[in-house]
Amino acid sequence: MSTNVISLVSIGAHPTSGRPRRADQDARAVELGLQLAGDNLQVLHAGDVAEPALRAYLGMGLEQLHVLEQPAGADALPALTAYLRDAGAQVVLTGSQAETGEGSGMLPFLLAEGLGWPLVVGLAQVESINDGSALVLQALPRGQRRRLKVKLPFLATVDNAAPKPRQSAYGPARRGELAADDIEVVEDELLAVATLQPAKPRPKRLKVIKAKSGADRMKAATAKASGGGGQVLKGVTAQAGAEAILKLLIEEGVVR
Amino acid sequence: MSDIIRRDPRAEWIARNRLHPLHAAMQPAQHSWMGPNGVIRKNLHGIGFIGPNGIKRIDRSGAQQGGAVKRSAAVEVQLPLHQVPAPAFYISVVPDMVGGRLSSHDRDLLGLAHQLAGTDGAVLAVVFGEHKESAFETAGVDRLLVLEGEEFSGYAPEQRVQGLRAVDNQLNPRHWLLPDSRSGGGELGRRFAAALGERPATRVWQVKDQECIGRAGAGLQDLARPVARLILAAAECAEPVSETRHEALPVELSTRVARSLSRIEDLGAVAVDPAAIPMAEAEFIFSGGNGVKDWALFHETAAALGATEGASRVAVDDGFMARDRQVGASGTWVTARVYVAVGISGAIQHLQGIGACDKVVAINLDPGCDMIKRADLSVIGESAEILQALIAAVAAYRNDGRRDAA
């Protein structure tokens, strides 16, 4: 039995030129979906069906891509929630945040809340799916992994820890079919109050020395590694030293 | 040493020279200061010095510099206390508490919270489970709410959202601030926002004049909007609190937090090959230098501890470790939480590379080297013996754990 998997994709933007492209994290979601479901993977996009960058997803070996057609600036959430409620998917994969627009990363959370499904953040690998639950690995910072057991159906976001997306090929991208559905358009009210502007480079934080006297400033400017802060064990046996080190490592939680 | 009290011309010279790095240490101890209520306090015992005949002398001419009394270099400065007896509103902060302590991101967030709180509001920190932090007062926490209980331990985002909702119902904070980080805050904040039905401002890096600016999309654009109730702020969003002391009064919830039926079960951390983790983001690095003679033992210890291996430049140049393992100015700048330096004396280039590390442990023969000065714990001794003892201690610890579990 193969699982019913849906990957949600969006249009990305090249980090330097800002040109439309397939979004990196969404491509990873498609890659993970292809590894899980193979040909049964459904890919869903809410937006403009005429966008050429959408074909880059088809080039990963998909036959069809569903598009819920809506103009730029419309809220994708109600359309996606309504679609997913009836689609009968067991696993829905998304990237963690969009590369264009607000990019708040809220969509998967709101979808999960709307559908009442559990949400796994930072999915790295699906180990097994059986008996209405899945064993998955979650990516943590610093290259760590955590094993979670989650009830089906569930939503998962993938980030850069997920497998690298396969290359998009030109032929399949041309041959693939874009199936557009007409849906009701809901305007996003955020854009009425918020403004998008070109990103300002953030200033580097200065090291502020709050010294009252010239001597303090001189000291701060010339100080070497300050001593006296740490505990020094001198003239102890190797065993006692090792015990002290191990105690610190266990306290810090790095030795389990 | 004899008991005769002698003049120390060098100390007197340092005490006269305002630009000398030790000048502050040679000053007479502070004997009058402003108390917390604005009253001048005096330490009468601190006045004067012991004269050559062992009799206390008080010289009021001002000529006396640097007495015979030994004084510590670090003069503890008492920061003014910021009190909010009856807060008009609360600004809630949910720090990440990576490793049980406030991270620099958390401190920035507390600084931002004070910017929003002004003088009437109180900054409330909501902390889950056990913590090891002892500096909530100086980090700017007016009220501290610790949600304890085993249901909050481990990975329990749904239960934590329940906890935050209980806080929201009872105290109704004006703003919620969470760090937009990968170590938990970003996820918890978004879950909480979805549960509350609030639209959060994400990746916020500036809050000014009732407007908050955050990065949008892939970072090519900024989104400016009116200040949201829920703010997920990026690192360095504001200056951390540094000039005031705060009360960190404990706050309790009057109601119990609802238990949520967890649909996500945490099965614990998975062993990851430490060598596969990039050095720059490894959490625990075991680094060897010139003082390591037995490299097989070094590798064995790293494997026993489950640490990522690092090396100093000398060890790499001598061919004992690969070039990509070098820590320091010309190698990798590491951000490990715990860094163990074996036989590394601590060249300045190496110390730069470990500048972001939290806890440093040094094993070295030379008690005077710079690494010892940087380290939080140093053991002076032959590295081979200590490493062997460490392997044995780790094995014993793991065996104990297994016996307890059985």
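Lettering follows sequence order; numbering is per chain, from 1.
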Which bit of A224(B) comes within less than 4.5 Å of chain A, counting heavy atoms only: side chain, backbone, both or neither? both
Honestly, the part of A235(B) sitting under 4.5 Å from a heavy atom of chain A is backbone
Heavy-atom distances under 4.5 Å only: say whether V272(B) touches chain A with side chain, backbone, both or neither. side chain
Is there any residue in residues 123-138 of chain A with a non-hydrogen atom under 4.5 Å from a non-hydrogen atom of chain B, and which ones are they? L135(A), L137(A), Q138(A)
Turns out that what part of P200(B) lies under 4.5 Å from chain A's heavy atoms comes down to both
By a 4.5 Å heavy-atom criterion (distance strictly below it), what part of N364(B) contacts chain A: side chain, backbone, both, or neither? neither
Would you indicate whether the side-chain heavy atoms of L119(A) and R191(B) approach each other to under 4.5 Å? yes
Locate the shortest heavy-atom distance separating R202(A) from A234(B); write the atom from each residue and the value. NH1-CB, 4.0 Å
Which heavy-atom pair separates H14(A) from L220(B) by the least distance, and what is that distance? O-CD1, 3.6 Å
Go through the atoms of L140(A) and report whether side chain, backbone, both or neither lie under 4.5 Å from a heavy atom of chain B. backbone
Minimum heavy-atom distance between G219(B) and A199(A), given as atom pair plus value: O-CB, 3.5 Å
pair F284(B)-L249(A): side-chain heavy atoms closer than 4.5 Å: yes
What I'd like to find out is whether the side chain of R203(B) reaches to under 4.5 Å of the side chain of Q97(A), using heavy atoms alone. yes
Apply salt bridge (charged side-chain N to carboxylate O under 4.0 Å, His left out) to R190(B) and E113(A), showing your working. CA-CA 11 Å; R190(B) 287 184 174 86; E113(A) 189 73 20; over 6 Å; no
Please flag which part of I363(B) lies under 4.5 Å from any non-hydrogen atom of chain A: side chain, backbone, both or neither. side chain
Which bit of A392(B) comes within less than 4.5 Å of chain A, counting heavy atoms only: side chain, backbone, both or neither? neither
Chain A contact via I277(B) - which portion, at a heavy-atom distance below 4.5 Å: side chain
Measure S181(B) against the heavy atoms of chain A and call it side chain, backbone, both or neither at under 4.5 Å. neither
Among L387(B), D108(B), V360(B), who wins on heavy-atom pairs under 4.5 Å with chain A? D108(B)
What part of E243(B) gets within 4.5 angstrom of chain A, counting heavy atoms only: side chain, backbone, both, or neither? side chain
Whatever's closer than 4.5 Å to a heavy atom in chain B on T100(A) counts as backbone
If only atom types and distance count, is the side chain of R374(B) paired as donor or acceptor with the main-chain N or O of G230(A) below 3.5 Å? no
Does M218(A) reach the side chain of R18(B), with side-chain heavy atoms less than 4.5 Å apart? no
Under 4.5 Å to a heavy atom of chain A? For V98(B) that would be neither
Which atoms of S378(B) come close to chain A, meaning under 4.5 Å heavy atom to heavy atom: side chain ones, backbone ones, both, or neither? both
Nearest heavy-atom approach of M106(A) to A194(B) is CE-N, 3.8 Å
Most heavy-atom pairs under 4.5 angstrom with chain A, which of H20(B), E158(B), K132(B), M371(B)? K132(B)
Within residues 141-152 of chain A, the residues sitting under 4.5 Å from chain B by heavy atom, in sequence order, are P141(A), R142(A), G143(A), Q144(A), R145(A), R146(A), R147(A), L148(A), K149(A), V150(A), K151(A)
Is any side-chain heavy atom of T237(A) less than 4.5 Å from a side-chain heavy atom of E385(B)? no
Check each atom of D24(A) against the heavy atoms of chain B and say whether the ones under 4.5 Å are side chain, backbone, both or neither. neither
Which heavy atom in R182(B) sits nearest to a heavy atom in A139(A), and how many Å separate them? NH2-O, 3.9 Å
Would you mind checking which part of C237(B) comes under 4.5 Å of any heavy atom in chain A, side chain (CB onward), backbone (N, CA, C, O), both or neither? backbone
Which atoms form the tightest heavy-atom contact between R215(B) and K200(A), and what is the distance? NH2-O, 2.8 Å
Step-by-step salt bridge (charged side-chain N to carboxylate O under 4.0 Å, His left out) determination, K359(B) to E251(A): CA-CA 11 Å; K359(B) 289 269 176 206; E251(A) 261 172 27; over 6 Å; no
